[in-house]
> 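Let me give you the structure first, and then I'll get to my questions.
Note on naming: letters A, B, ... go to the chains in the order of the sequence lines (proteins, then strands), and numbering restarts at 1 for each one. Source: prediction; values computed, not measured.
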Protein chains: 2
Amino acid sequence: MDVDDRKLRILQAIVEDYILSNTPVGSRTLSKTCGLGVSSATIRNEMADLTEMGYLIQPHVSAGRVPSAKAYRLYVTRLRPRGMTEQEIESARRAFRSRIRDMESVDSQGAAAISDLTHYTALVLTPRQSDLKVRSLHLIPLGGGRALLVIVTDSGVIRDTSIRVSSRLDASALYTIGQMLTQRMQGLTLRQMREMLYGYAASSDADARVLSGIADLAAQVEKQTETDRVTVGGAHNILYYPEYADVTAARAFMDALEDTGSLMHLLRPQENGICVRIGPETGIDAFRDCSVITAPYRVGRGHTGTIAIAGPSRMPYARMMDMMGMFSQELTDALSIKD
Amino acid sequence: MDVDDRKLRILQAIVEDYILSNTPVGSRTLSKTCGLGVSSATIRNEMADLTEMGYLIQPHVSAGRVPSAKAYRLYVTRLRPRGMTEQEIESARRAFRSRIRDMESVDSQGAAAISDLTHYTALVLTPRQSDLKVRSLHLIPLGGGRALLVIVTDSGVIRDTSIRVSSRLDASALYTIGQMLTQRMQGLTLRQMREMLYGYAASSDADARVLSGIADLAAQVEKQTETDRVTVGGAHNILYYPEYADVTAARAFMDALEDTGSLMHLLRPQENGICVRIGPETGIDAFRDCSVITAPYRVGRGHTGTIAIAGPSRMPYARMMDMMGMFSQELTDALSIKD
DNA sequence: TGTTAGCACTCGATTGTGTTGAGTGCTAAC
DNA sequence: GTTAGCACTCAACACAATCGAGTGCTAACA
């Protein structure tokens, strides 16, 4: 048995009805709305086929049908109707732009903006940065034997940490040390730099000793750059979906959001742009009835992060994919250095 | 009628039983647990009195009694038993310390740590910073006509923003400008500095023009320093309390957390250290059945922020107050500059 | 005067029983 | 292949019955 055109149209009508109503769709209503001009009995026959093929699920015998994950998958890949209009996208774009003014905290601001604009839970994977190339290093005196280390990389992303230094060093001394460090480290990746710093710390090199906490520094750099980071925003949005009227369901969802390990796996950058994972495709048990739409964004040259939204599988996929595409564009734009 | 010693003991037993069980407390169980050696009938008489006085609430005629906000208030002010042991505090302290390594993002890290350690929702009010005094200013080249502005203040808090500069300026030129700016601005408050910057932008002063986006800069400084910020962490924790088994309740709570205006009012620093607001005392309608414990923390000299936890009024007050005291100490410690 | 045993009473929670109605599957006719 | 007709199913709802924890009150007691 294959999915002919009529079955496809019926399936589409069911999916779209269910996305709006969140109630099982019956043959009667369907015969009116799907526009095929056939009776409910015919629809019933088709629906029985679609159920047998695994596209529809019957909660119980006298209820209508609910789309399965397989149905959504078909819906997303073979059908893709009604995305957002150009105007809708533009107005969302403006709203998004106004919310990511500062590049520094793109993760938290981005997650907040994305969740607010989509009404889903937003995820932002900030990529590991140990492959970024060092452009320059700067030391700024904070007083009290501490200095702020600012690392400028080729992607414009800035890492800053406060480190301990000898309190004898004044502003200009620190400036000079910064210049010296820049000279030595320029062009290295952050990982290479870290290793070089560990090397200095091990040797009792005269230059090394000017920074009393140089091993500390290397460790800090490692900590901040070696791991990906996942930021979650708008988790509470799911409470507004009737799917999560049961608190235990909501709890399971939120607990899954705390498991950064599996989230990272889920958000691992994909080659192929915007990517939809439906239900079991997410690989996360608590997301069995959820869908996740991911989109990459580029930071500088080639380093990619991921943004995502997560919500009930009953999701207006086309619209959300348009949204995610726009977010991805905007972030990449905002984070690229123009020079 | 006044609250004599026996009434007090009964009230205490009820509050403590209810905090643990979250079910209305009956006279029968109470006569066994409160250790007064009187029968349930006697207890019933006392409970009737306490109900009349407004300390207890009867959900319905055949249920036990539930403490009112007034009862919790009495419990917190007149009785205060069983806080945390020295060991418990020390072990929590160690856990907390290990989680606020970086001073930079004390708000988000602090909120996360506090909510994890208390299992309540954590709030952090980062104080307005426009009264902080400028210690030094630094400009770091980012390439592409942008520079990072770092402002070091007397409390060691650093604000950094990326601003637009003339692309002709190289690292050393920016360093010199930074020194110059430091000379002029040192000792001013951030607010005064902002006004001076606006002044520069208005005049066509030669010095002003080196920074092409000087008005932009002033606006940024204003935006980042003029407003208090509230950071929320662990909002999902409330889903674990049976009080919020109903999603609408959980939703109301989370919505209240989005209303930064009233939260700020709630978190406005208090003179008197750790402060407990019970139910209506919070002044927030959605927190009618919640309690909020706030504690101040000091940033540098005199500028205070606030940390808080929010959760069901049924809360182990003494333990939580001990916790908050410890957090407050630790944060103040971590944020004070030793020089 | 305070305490206690006894007892009738209340009312939420639980369980059980119809009733309803949306929606199905099947069959026979078109 | 399509459709009308019809028996059937089963969640949802409403309603009644039962249960029991806990009360308030009264009368007896120390």
> Keeping Ser68(B) on the side-chain end and Tyr55(B) on the backbone end, is there a donor-acceptor pair under 3.5 Å?
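Side chain of Ser68(B) to backbone of Tyr55(B), a donor-acceptor pair under 3.5 Å: yes, one is there.
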> Please give, in whole Å, the distance from dT24(C) P to Asp49(A) CG?
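Asp49(A) atom CG is separated from dT24(C) atom P by 14 Å.
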> Can you name the one residue among Val15(A), Leu11(A), Val25(A) that meets side-chain contact (heavy atoms from CB on, under 4.5 Å) with Leu56(A)?
Leu11(A)
> Rounded to the nearest angstrom, tell me the gap between atom CD1 in Ile43(A) and atom P in dA22(C).
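Between P of dA22(C) and CD1 of Ile43(A): 19 Å.
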> Classify the ring geometry between Phe287(A) and Phe253(A) as parallel (under 30°), tilted (30 to 60°) or perpendicular (over 60°).
tilted
> How close or far is atom P of dC26(C) from atom CD of Glu52(A), stated in whole angstroms?
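Roughly 11 Å, once rounded to whole Å.
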> State whether the side chain of Ser115(B) and the backbone N or O of Ala111(B) hold a donor-acceptor pair below 3.5 Å, judged by distance alone.
yes
> Check for a donor-acceptor pair, side chain of Thr260(B) on one end and backbone N or O of Val230(B) on the other, with a separation under 3.5 Å.
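No, the answer is negative, given that no donor and acceptor are paired below the 3.5 Å cut-off.
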> Does a donor on one side chain sit under 3.5 Å from an acceptor on the other, for Thr294(B) and Arg277(B)?
no
> Could you check how far CZ of Arg28(B) sits from C1' of dG20(D), rounded to whole Å?
12 Å
> Got a sec? Which of residues 54-69 of chain B come in under 4.0 Å of DNA chain C, heavy atoms?
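Output list: His60(B), Val61(B), Ser62(B).
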> If I take atom CE from residue Met84(B) and atom CD from residue Glu90(B), how far apart are they, to the nearest 0.5 angstrom?
10.0 Å
> Any Lys/Arg nitrogen of Asp285(B) or Arg288(B) sitting under 4.0 Å from an Asp/Glu carboxylate oxygen of the other?
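Answer for the salt bridge query: yes.
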> Please verify the inter-ring angle class for Tyr72(B) with Tyr317(B); under 30° counts as parallel, over 60° as perpendicular, anything in between as tilted.
tilted
> For Asp4(A) and dG1(D), what is the distance between atoms CG and C1' respectively, to the nearest whole Å?
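For the pair Asp4(A) CG and dG1(D) C1', the rounded distance is 12 Å.
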> Rounded to the nearest angstrom, tell me the gap between atom CG in Leu36(A) and atom P in dG1(D).
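Atom CG in Leu36(A) sits about 16 Å away from atom P in dG1(D).
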> Pairing of DNA chain C as dot-bracket, 5' to 3': ( ) intra-strand, [ ] crossing, | other strand, . unpaired, with Watson-Crick or G-U pairs under 3.5 Å?
||||||||||||||||||||||||||||||
> Ignoring hydrogens and geometry, is there a side-chain-to-backbone donor-acceptor pair from Thr306(A) to Arg268(A) under 3.5 Å?
no
> Give each protein N/O atom lying under 3.5 Å from an N/O atom of nucleotides 2-8 of chain C, with the pair distance.
{"residue": "dT3(C)", "atom": "OP1", "partner": "Arg6(B)", "partner atom": "NH1", "Å": "2.7"}
{"residue": "dT3(C)", "atom": "OP2", "partner": "Arg6(B)", "partner atom": "NH2", "Å": "2.9"}
{"residue": "dT4(C)", "atom": "OP2", "partner": "Ser39(B)", "partner atom": "N", "Å": "2.9"}
{"residue": "dT4(C)", "atom": "OP2", "partner": "Ser39(B)", "partner atom": "OG", "Å": "3.4"}
{"residue": "dT4(C)", "atom": "OP2", "partner": "Thr42(B)", "partner atom": "OG1", "Å": "2.5"}
{"residue": "dG6(C)", "atom": "O6", "partner": "Arg44(B)", "partner atom": "NH2", "Å": "3.3"}

> Measure from the side-chain N and O atoms of Arg251(A) to the backbone N and O of Leu239(B), and report whether any donor-acceptor pair falls under 3.5 Å.
yes
